[in-house]
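Each remark here refers to the structure printed beneath this line.
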Amino acid sequence: MSVIFEEVSYEYDKGTPFRQPALNGVNLHIEPGSFTAIAGPTGCGKSTLLQLFGGLLDPTAGSVKVFDTVLKAGAKTPKLRELRRRTGLVFQFPEHQLFEETVEKDLCFGPLNFGLPAEEAKRRAGAALRQVGLPEELLGRSPFHLSGGQMRKAAIASVLAMEPDLLVLDEPGASLDPASRTELTELLLRLCREQGKTVVVVTHRIEELLPYADRWVLMKDGSCLFQGTAEAMAEQLPMLEKEGLQLPECMHWWHWLAGHFGLGGERPVFSAAGLAELTAKLLEQAGAGAGAEEAASLSVPAVQAITAVQAAGGARL
Amino acid sequence: MKNRLLIGRVIDTGSWVHALDPRAKLTAMLVYAAAIILLRSWPALLLAALFSLAVMAATRISYKFYAKAAKPLRLLMLFIFILQCLTVSQGRVLLQAGPLAVSAGGLSAGGLAVVRMALFISFTALLTFTTTPGRLNQGLDGMLKPFARLRLPVHRLTLMAGLALRFIPTILEESQKILKAQAARGADLRELRLRDKGKMLISLLVPVTVGAFRRAEELVTSMEARGFVVDAPRTEYYEPSWGAKETGFVGLHLLLLAAVLWLL
């Protein structure tokens, strides 16, 4: 296991009148080499959760184990160097993450801290910048003069340069255009599948990661509401919606199709194109079997749903 | 930061002290300060202490937080105590070690100084515990109004003071975030050697300053976008009003001052 959370709670300003509970008995297991996506409404404790991954906060109850380092509530904080070397954390606001005078220095900061020679650090800096699709001319610039999207990419590169085993990203797609978001998702997927890195991503766009993430963690009010695959998530859709979570249109449509045509055990389809094809096929079968009346009654919601899926920008195949 | 600055944070319990006109609270604090500075004897101190505890109780904020407000200055208080003990020589000598002597008078003076200081700091924390910075600023503005006749730019000064106060927690938070970003990439302040620690803190200066300027600019833009013009007359969201409670609150403090002067 890369990361194990056991009954972890976290409270800000504990013991003062400003105390604010943020996490509540969270249990979490993350397998090495897996791609996990975390979603939930704002203020549900996602960012707090991620900071616990990086050993930036000590749990106020329970224990967090990241690789071989264990942070236990009440116990003395262990040496965190090893944890930090193997964990790359990309914060929600990249402008809080860049602090050096030039982009190159910022990218080298991590590798140098972990004792790499300057030459190697610079090589990694260049490589990381190329990986996120930024031109190398930016190396000499001040990170504060980058645009929002470039800053975001530079912040991601500064973590990639450390070559961590566990990559934790807090809404990495925010402030990026759709093309860059797709590129980023592909990069993360490559790092996960080809280099065996463990990836954890917080996202507000569930539909964009639906085809890729191995596991989903849905949070609400500091607790884990759901943990499992996208398939299981689609099955439990009514329960999750009742809890007030907003799930993408394409899941609704799949859920409806699965319920109506009895697709229970099958592998779900979440892409717009895939759903459209499947719907057409099912309608054709239904039309051939039961007569035109039922097909006609189906076709209206079908058309509505397909346009809804497309409007929601549903994931590509 | 585990023990974040307690000063400047409001603890809202909804007591009548919270609702007082900020001008009344400011005036009362000034009177209180005068009383504390003037008092010289234990009976007067006892009276002031009882008075303070009673007013603190009226705010319905736990004494614990008042004590916490004075805590950061405990070393200074210790220092003052020792200094007073060793330099004031009056009455019987209680302890003698070489050239250093502690007399009964010194002990009394030291104790008096420390209790006064502790009282003063924890009691005046009441002001920030019960009043939001905005209202405090408004109160200040109201109290400085007479100086506007002398062409003192009162509004500008209080606006500046208000913004500066407002920025303290923001800048602290910002540095905290950068420290976290550095820690996440292997430079944890807690685990660094002293020399590297210094370097690390200096490296904070640039991004925090840059961040502060950026924020200030954004603030100006957002204020102007919402029609703020310096020195233009504007209505207040909260209209302070002086009533019997305000007069009573200030009156109580004046009584304390009179009693302290009488017991002097």
Side-chain angles (χ1 to χ4, degrees), chain A residues 11-19 47 50-51 53-58 60 76-102 105-116 142-145 155 158-159 161-162 164 168 170, chain B residues 1-13 59-69 71 129-130 169-171 173-192 196 199-215 217-218:
Chain A
E11 214 170 70
Y12 285 98
D13 289 327
K14 202 184 179 200
T16 77
F18 316 107
R19 68 182 202 91
S47 297
L50 292 200
Q51 292 190 39
F53 274 85
L56 294 173
L57 300 174
D58 291 342
T60 48
K76 197 171 166 286
T77 314
K79 286 265 179 232
L80 296 170
R81 224 181 133 71
E82 188 57 17
L83 182 160
R84 260 70 186 265
R85 192 181 63 74
R86 300 181 65 182
T87 310
L89 200 58
V90 179
F91 291 83
Q92 191 168 6
F93 302 105
E95 61 270 30
H96 295 148
Q97 186 157 2
L98 304 165
F99 46 82
E100 287 281 15
E101 292 144 49
T102 64
K105 271 190 171 176
D106 214 290
L107 295 182
C108 291
F109 184 83
L112 289 178
N113 273 327
F114 295 115
L116 283 180
S142 159
F144 301 106
H145 291 154
S158 72
V159 166
M162 287 163 45
V168 183
D170 199 348
Chain B
M1 229 184 288
K2 242 185 180 166
N3 300 310
R4 244 190 268 171
L5 269 156
L6 211 52
I7 284 174
R9 298 185 79 172
V10 177
I11 305 173
D12 194 7
T13 58
T59 62
R60 298 214 296 264
I61 296 168
S62 150
Y63 287 130
K64 210 171 68 192
F65 297 116
Y66 288 105
K68 261 190 188 160
K71 209 173 147 199
F129 281 171
T130 64
T170 316
I171 288 178
E173 246 167 60
E174 204 126 296
S175 8
Q176 206 56 32
K177 274 180 190 149
I178 295 170
L179 280 175
K180 269 187 185 170
Q182 292 178 334
R185 283 195 271 155
D188 196 326
L189 266 191
R190 286 180 297 187
E191 291 178 9
L192 286 178
D196 294 328
K199 257 203 219 155
M200 201 88 265
L201 287 175
I202 290 171
S203 77
L204 267 183
L205 277 176
V206 175
V208 169
T209 321
V210 171
F213 272 106
R214 199 177 42 206
R215 278 196 179 251
E217 271 169 22
E218 280 166 9

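Each chain gets a letter, A, B and so on, in the order the sequences are listed, and its residues count up from 1.
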Ion pair A:Asp106/B:Arg185, N-O distance below 4.0 Å: yes
Value rounded to 0.5 Å, distance of OG1 in B:Thr59 from CG in B:Asp12: 11.0 Å
Choice from A:Gly110, A:Ser158, A:Gly88 maximising heavy atom contacts with chain B below 4.5 Å: A:Ser158
Under 4.5 Å from any heavy atom of chain B - which part of A:Gln51: side chain
Which atoms of B:Gln182 approach chain A - backbone, side chain, both or neither, heavy atom under 4.5 Å: both
Contact winner vs chain A - B:Leu204, B:Asp188, B:Val208, heavy-atom pairs under 4.5 Å: B:Asp188
A:Phe144 portion near chain B, given a 4.5 angstrom heavy-atom threshold: side chain
Note: A:Arg85-A:Glu82 ion pair, threshold 4.0 Å (strictly below): yes
A:Ser47-A:Gln92 side chain donor-acceptor pair, cut-off 3.5 Å: yes
Side chain to side chain, B:Thr130 and B:Arg60, heavy atoms closer than 4.5 Å: no
Which portion of A:Leu112 sits near chain B, non-hydrogen atoms under 4.5 angstrom: neither
Salt bridge (charged side-chain N to carboxylate O under 4.0 Å, His left out) partners for A:Glu100, two or more places apart: none
Proximal component of A:Arg81, with respect to chain B [non-hydrogen, under 4.5 Å]: both
Part of A:Thr77 within contact of chain B (heavy atom distance under 4.5 Å): side chain
